[in-house]
Amino acid sequence: MRVSRARVRAAVRQRVLLLRRMALPILQCAVAAALAWLVATAVFQHPRPFFAPVAVVICIGVGLGQQRLRRVVELVAGVSVGIGVGDLLVSRIGTGPWQIALVLGLAMAAAVLLDGGPLVTLQAGSSAVLVATLLPPGGTGGIDRMLDALIGGILGLAAIAVLPGNPPEIARKHARQMIAELTTALTSAADALETRDRDLAARALRRIRTQQPIDDYRNALRTAREIIAISPLHRRQRHLLRSYVDAAEPLDHALRNCRVLLRRVRSALTDDEPVPPTLPEGLRALAAATQLLADELGDDPTATREALREAASTVDTDSLAHSGFSAQVVAAQLRSVAVDLLQATGLRHDEARAILPPING
């Protein structure tokens with residue numbers, strides 16, 4: 001029972017955190033959808049402009065990393081193709097089951113032939129179905145729907161510009177999540193070597209094999225850049241975002257090198273190789289330096305660079321003299337991860353390598 005209640009509480013906390021993260025997109029959708037309906041009804045006298053608020057939701061979305069400017073263009077293009085094909089055919093052949101199938105198929109085929117993306121094709125199909133089932137043949141219904149889509153798209157972008165998130169904070173949050181994965185992996189590697197626990201190394205390797213952290217980080221960077229591009233309120237924050245953009249590739253490399261490191265840790269334990277005590281000590285020092293990077297990324301990284309240098313200096317050729325092959329590879333990967341993280345602080349590759357002491361220290 002206690003375990004069950006703990007799981008319920010954990011699940012509730014996760015949902016609350018998710019709601020907090022999604023609060024801004026939800027607010028943007030709600031405000032812009034209401035304004036889109038108001039503009040379409042009060043200004044353009046459309047009686048039921050359902051496509052205007054729908055366009056807002058498609059434009060803003062509820063996820064990060066979407067190219068909203070492109071989505072608005074695709075939305076209007078898809079609606080235009082669907083309504084154009086639908087109006088043309090329905091006015092000639094009427095409505096019915098086979099007419100709906102024909103209109104839908106031709107509208108989506110036309111979108112594909114026009115080199116439209118998935119959103120264009122889906123919107124063309126759905127708009128064609130609306131024309132074939134809801135709109136009377138002829139009239140201005142098709143033009144009104146296209147205008148509603150444009151109104152919703154424009155107001156969706158306006159909501160992003162007027163009610164924007166904080167671009168550097170968006171990037172910082174996802175950078176911290178990715179760095180936390182690196183810290184956990186390095187700490188698990190040290191624990192596995194100290195306790196000779198192969199299963200722990202295997203679990204850590206399975207966890208870090210996922211590409212999701214770096215994908216989320218890159219999506220967050222795209223969202224942050226997009227907000228800065230369309231919102232005048234955050235133009236001055238471009239230089240703050242630059243450090244997070246520059247750190248993306250080195251952090252990706254560090255994640256990949258950690259995977260190799262954990263594979264060799266698992267191999268060393270599987271083969272029962274001797275492991276010098278300096279190796280888990282170095283991994284713990286590297287994990288601490290990685291955690292420090294989370295606090296200093298985008299700021300003065302002096303302390304992080306010094307911590308990375310010290311972590312790499314804990315392992316030398318003397319301490320590895322009686323270790324196995326896999327342990328030596330782990331030591332080499334430790335230095336590789338340190339170089340990657342130094343590059344994440346803004347150094348070039350040659351500058352990062354120059355900071356580290358020679359391995360034979």
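One finds no salt bridge joining E181 and R176 here, because no Lys/Arg side-chain nitrogen approaches an Asp/Glu carboxylate oxygen to under 4.0 Å. Under a 4.0 Å N-O distance rule, the pair D340/R256 does not qualify as a salt bridge. A salt bridge links R309 with E306; the closest basic N to acidic carboxylate O contact falls under 4.0 Å.
L286 is not connected to L200 by any chain of hydrophobic side-chain contacts under 4.5 Å among Ile, Leu, Val, Met, Phe, Trp and Tyr, and they are in different clusters. V43 and I151 fall within the same hydrophobic cluster, defined by Ile, Leu, Val, Met, Phe, Trp and Tyr side-chain heavy atoms under 4.5 Å apart, directly or through other members.
A donor-acceptor pair is defined here as one N or O able to donate and one able to accept, closer than 3.5 Å; such a pair exists between the side chain of E273 and the backbone of A327. In this structure, R259 contributes its side chain and I208 its backbone to a donor-acceptor pair below 3.5 Å. Judged by distance alone, the side chain of T345 and the main-chain N or O of L342 form a donor-acceptor pair under 3.5 Å.
In the model, E296 has a side-chain atom that pairs as donor or acceptor with a side-chain atom of T304 under 3.5 Å.
The number of heavy-atom neighbours closer than 6.0 Å to CD of E351, taken from other residues, nucleotides and ligands shown, is above 12. Summarising the local packing, CZ of R207 is surrounded by 12 or fewer heavy atoms from other residues, nucleotides or ligands at distances under 6.0 Å. Summarising the local packing, CZ of R353 is surrounded by 12 or fewer heavy atoms from other residues, nucleotides or ligands at distances under 6.0 Å.
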